[in-house]
Amino acid sequence: MTQGAKVRTEIRFVLNGRQMRLSDVGADDTLLDFLRIDQRLTGTKEGCAEGDCGACTVMVGRLTPEGLRYEVVNACIRFLASLDGCHVVTIEYLGGPNGRLSPVQQAMVDHHGSQCGFCTPGIVMSLYALWMEHERPSVPQVEVALQGNLCRCTGYAPIIRAAQAVTEYGTTTAEHLTMERDTVTTMLQAVRDGARVEVAKEGNRAILPADVDDLAVVLEAEPNATIVAGSTDVGLWVTKFLKRISPAVFVGHLEGLKSLEVQQDAITFGGGVTYTEAQDVIAQYYPHLSDYWDRIAGWQVRNMGTIGGNIANGSPIGDTPPVLIALGASITLRKGDVRRVLPLEDFFVAYGKQDRADGEFVESITVPRIRDGHHAAYKISKRREEDISSVAVGMAVQVDAGVISEAVLAFGGMAATPKRAAAAEAAMIGQPWSEATLLAAAAKLPDDFQPLDDMRASAAYRMTVAQNLFQRFWLEQSRAEAQLMAEGL
């Protein structure tokens with residue numbers, strides 16, 4: 001924020017078709033509570049209150065350089081203060097005059113996609129968002145869109161049939177959400193005044209910096225503030241642990257943290273780039289991460305969660321650190337006008353402790369472009385979709401003339417921090433690229449890690465599955481080599 005720029009003391013957004021201006025907003029007020037309690041929009045349900053079941057799914061539209069973009073999010077862990085400049089769409093807004101159902105809703109009725117109905121509004125919102133992007137979605141596209149929506153009674157087959165039949169009931173161009181895009185865009189542009197936003201309720205403060213430079217100023221003044229990016233973890237601090245996060249500094253709206261630069265030798269992701277925003281670049285430049293990326297939580301969380309937030313949170317079971325460490329990633333930390341760069345693996349010091357000073361924030365992540373060699377990423381979890389990792393692994397191996405010259409093996413869930421397997425790596429360097437070498441390296445893992453027992457996996461299971469992944473790595477890579485040879489490449 002430039003010197004002399006104003007501070008606004010209310011958040012402004014559009015709720016369905018109404019403009020909202022709110023000043024009595026606390027840092028930990030959730031969108032779900034606002035919708036259900038304050039606005040009596042009770043179609044949006046509370047199921048898990050931790051962004052896991054999808055019953056609270058709504059759509060949030062925001063202005064991007066490419067125009068107005070709608071995304072599904074979990075209202076239970078989305079904070080109200082973060083909605084400045086957004087369009088919130090709930091289930092009540094999808095239908096037409098006189099109670100006419102939207103095409104998605106009618107398809108769900110006709111294809112028997114609902115039984116008890118509790119989860120249905122969230123499922124409808126996810127399918128509606130998918131329909132707006134893909135009028136005739138494939139089964140895999142529907143399955144990915146529904147990763148974050150759990151249904152206990154209907155079963156997913158009729159829901160998938162409904163999703164694929166929506167175009168029989170109408171077209172996206174005839175939907176009022178499409179027809180009013182220009183109007184909504186104008187309304188959202190009108191609230192973009194370049195101001196810092198500061199709101200509070202009973203001393204519970206939320207701050208939305210005007211830009212990245214203003215963020216640096218705010219954090220120097222509030223060095224112990226809670227930085228909230230996507231709130232996919234901080235939201236649980238509030239809903240599950242009743243933790244106070246005031247003062248909270250929200251950064252998810254800052255376009256300056258959403259830069260994505262493709263350079264000749266590396267790609268730099270702004271700290272606020274979400275998993276969804278990074279997805280196309282990941283698929284193009286790091287293809288071995290494409291399937292892995294689809295297994296990071298569900299669609300709602302990928303729309304909210306950020307790469308920088310996943311790193312800065314420092315969880316030993318974060319999905320992105322192991323695979324990014326294996327690629328040689330580094331991060332840029334900023335405090336005021338001072339920046340410093342360090343290897344990502346050096347950022348994690350101990351459990352709950354990172355090399356980040358008070359008032360410092362993750363400004364960007366730089367990931368080297370992938371080189372020839374053998375690369376893999378694995379995620380082990382109790383549930384395949386929408387689950388937290390028990391073990392996460394990134395592997396990168398370079399082979400010259402049949403001999404391993406470099407090996408980076410990074411693990412999450414095996415120690416108090418994301419960590420490289422130094423002993424296993426050393427067992428590979430200078431050895432032939434072979435199954436025997438990889439199995440010998442796997443045998444060294446107990447020298448690197450003493451995993452913990454917890455609710456997600458026992459120590460013995462973690463060690464066993466981590467060692468087994470060496471075998472999987474060999475089988476996959478040798479099969480890929482054989483395929484290339486067969487194709488004459």
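Scope of the values below: all heavy atoms of this structure, side chains included, with no hydrogens, waters or symmetry mates. For reference, positions follow the sequence shown, starting with 1.
With R462 contributing its side chain and L452 its backbone, the two residues share a donor-acceptor pair below 3.5 Å. With hydrogens and angles ignored, the 3.5 Å screen pairs a side-chain donor or acceptor of D29 with a backbone N or O of G26. Not a single donor-acceptor pair under 3.5 Å links the side chain of R356 to the backbone N or O of L333. Side-chain atoms of R334 do not come within 3.5 Å of backbone N or O of A216 as any donor-acceptor pair. Between the side chain of D448 and the main chain of A423, a donor-acceptor pair closer than 3.5 Å is present. For Q147 (side chain) and E143 (main-chain N/O), no donor-acceptor pair under 3.5 Å exists by modelled atom type. Without hydrogens or angle criteria, T417 side chain to K419 main chain gives no donor-acceptor distance under 3.5 Å. Side chain of Q467 to main chain of A442: a donor-acceptor pair is present (N/O by atom type, distance under 3.5 Å, no hydrogens or angles). T276 places a side-chain N or O within 3.5 Å of a backbone atom of R302 that can act as its donor or acceptor partner. In this structure, the side chain of Y285 does not engage the main chain of A266 through any donor-acceptor pair within 3.5 Å.
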Evaluate the side-chain contact (heavy atoms from CB on, under 4.5 Å) criterion for residues L146 and L127: first the C-alpha distance (whole Å), next the side-chain angles of each, then the deciding distance (0.1 Å), finally the verdict. CA-CA 8 Å; L146 292 175; L127 294 184; 3.8 Å; yes
Apply the test side-chain contact (heavy atoms from CB on, under 4.5 Å) to residues K258 and T274: give CA-CA distance (whole Å), side-chain angles for both, the deciding distance (0.1 Å), then the verdict. CA-CA 8 Å; K258 290 187 174 293; T274 66; 3.8 Å; yes
Give the intermediate values and the outcome of side-chain contact (heavy atoms from CB on, under 4.5 Å) for residues L22 and E10. CA-CA 5 Å; L22 305 173; E10 63 180 15; 6.0 Å; no
Verdict with supporting geometry, E425 and R420, salt bridge (charged side-chain N to carboxylate O under 4.0 Å, His left out): CA-CA 8 Å; E425 291 174 0; R420 287 175 61 174; 2.8 Å; yes
Worked verdict on L327 versus L289 for side-chain contact (heavy atoms from CB on, under 4.5 Å): CA-CA 11 Å; L327 291 168; L289 293 183; 4.0 Å; yes
Apply side chain to side chain donor-acceptor pair (under 3.5 Å) to the pair Q300 and N149, showing each step before the final yes or no. CA-CA 9 Å; Q300 296 91 327; N149 293 90; 3.1 Å; yes
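Looking only at side-chain heavy atoms (C-beta outward), I296 and V301 stay at 4.5 Å or farther from each other. Inter-residue side-chain proximity for I227 and L219 is flagged as met; some heavy-atom pair is nearer than 4.5 Å. Within the 4.5 Å cutoff, the side chain of V89 has no heavy atoms near those of the Y128 side chain. Looking at heavy atoms from C-beta onward, R295 lies in side-chain contact with S381 at the 4.5 angstrom threshold. In this structure, V249 and F361 have side chains that are not in contact, with every pair of non-hydrogen atoms separated by 4.5 Å or more. Proximity of Q477 to V397: side-chain heavy atoms (C-beta onward) are nowhere separated by under 4.5 Å. In this structure the side chain of E133 never reaches within 4.5 angstrom of the side chain of Q141, judged on heavy atoms. Residues V251 and T306 have side chains not in contact (no heavy-atom distance under 4.5 Å, counting atoms from C-beta outward).
Not counting sequence neighbours, the partners of Y70 by the ring-ring contact (aromatic ring centres under 6.0 Å, His included) test are H87. Under the side-chain contact (heavy atoms from CB on, under 4.5 Å) criterion, V73 pairs with V58, V60, R78, M304, sequence neighbours left out. Qualifying side-chain contact (heavy atoms from CB on, under 4.5 Å) partners for I317, counting only residues two or more places apart in sequence or in other chains: S315, I388, R456. Shown here are the side-chain hydrogen bond (donor to acceptor under 3.5 Å, both in side chains) partners of R384, two or more places apart in sequence or in another chain: there are none. Looking at residues two or more places apart in sequence or on another chain, you find a side-chain contact (heavy atoms from CB on, under 4.5 Å) between P343 and E345, D346. Applying the side-chain contact (heavy atoms from CB on, under 4.5 Å) test to S290 and every residue at least two apart in sequence or in another chain returns A283.
In terms of heavy-atom proximity, A75 sits nearest to T44 at CB-CG2, 4.4 Å. Of all heavy-atom pairs spanning A27 and A206, the tightest one is CA-CB, 3.9 Å. Taking every heavy atom of both residues into account, V393 and V323 meet most closely at O-CG1, 3.8 Å. Contact between A248 and V228 at its shortest, heavy atoms only, is CB-CG2, 4.1 Å. The two residues T239 and C76 have their closest heavy-atom pair at CG2-O, 3.6 Å. The shortest non-hydrogen separation linking V144 to W299 is O-CB, 4.1 Å.
Once rounded to the nearest 0.5 Å, the distance linking CG of D84 with CZ of R12 reads 8.0 Å. With rounding to the nearest 0.5 angstrom, the CZ atom of F473 is 8.0 Å from the NE2 atom of H375. From T90, atom OG1 reaches atom CG of L32 across 11.5 Å, with rounding to the nearest 0.5 Å. For the atom pair L409 CG and I325 CD1, the distance stands at 12.0 Å (nearest 0.5 Å). Rounded to the nearest 0.5 angstrom, F269 CZ and I311 CD1 are separated by 10.0 Å. Put simply, OG1 on T226 and NZ on K243 are 6.0 Å apart, with the number rounded to the nearest 0.5 Å.
With salt bridges taken as basic N to acidic carboxylate O contacts below 4.0 Å, none links D291 and K379. Ionic pairing of R36 and E46 is not present here: no N-O contact between side-chain nitrogen and carboxylate oxygen is shorter than 4.0 angstrom.
In this structure, R383 places its CZ atom where more than 12 heavy-atom neighbours from other residues, nucleotides or ligands lie under 6.0 Å away. Surrounding CD of Q263 are more than 12 heavy atoms belonging to other residues, nucleotides or ligands, all under 6.0 Å away. Applying the 6.0 Å contact sphere to NZ of K240 captures more than 12 heavy atoms from other residues, nucleotides or ligands.
Using a 30° and 60° split on the angle between ring planes, H374 and W433 fall in the parallel class, below 30°. Under the 30°/60° scheme for interplanar angles, the aromatic rings of Y275 and W293 are found to stand perpendicular.
For the residue pair N310 / D319, no side-chain donor-acceptor distance below 3.5 Å is found, with atom types taken as modelled.
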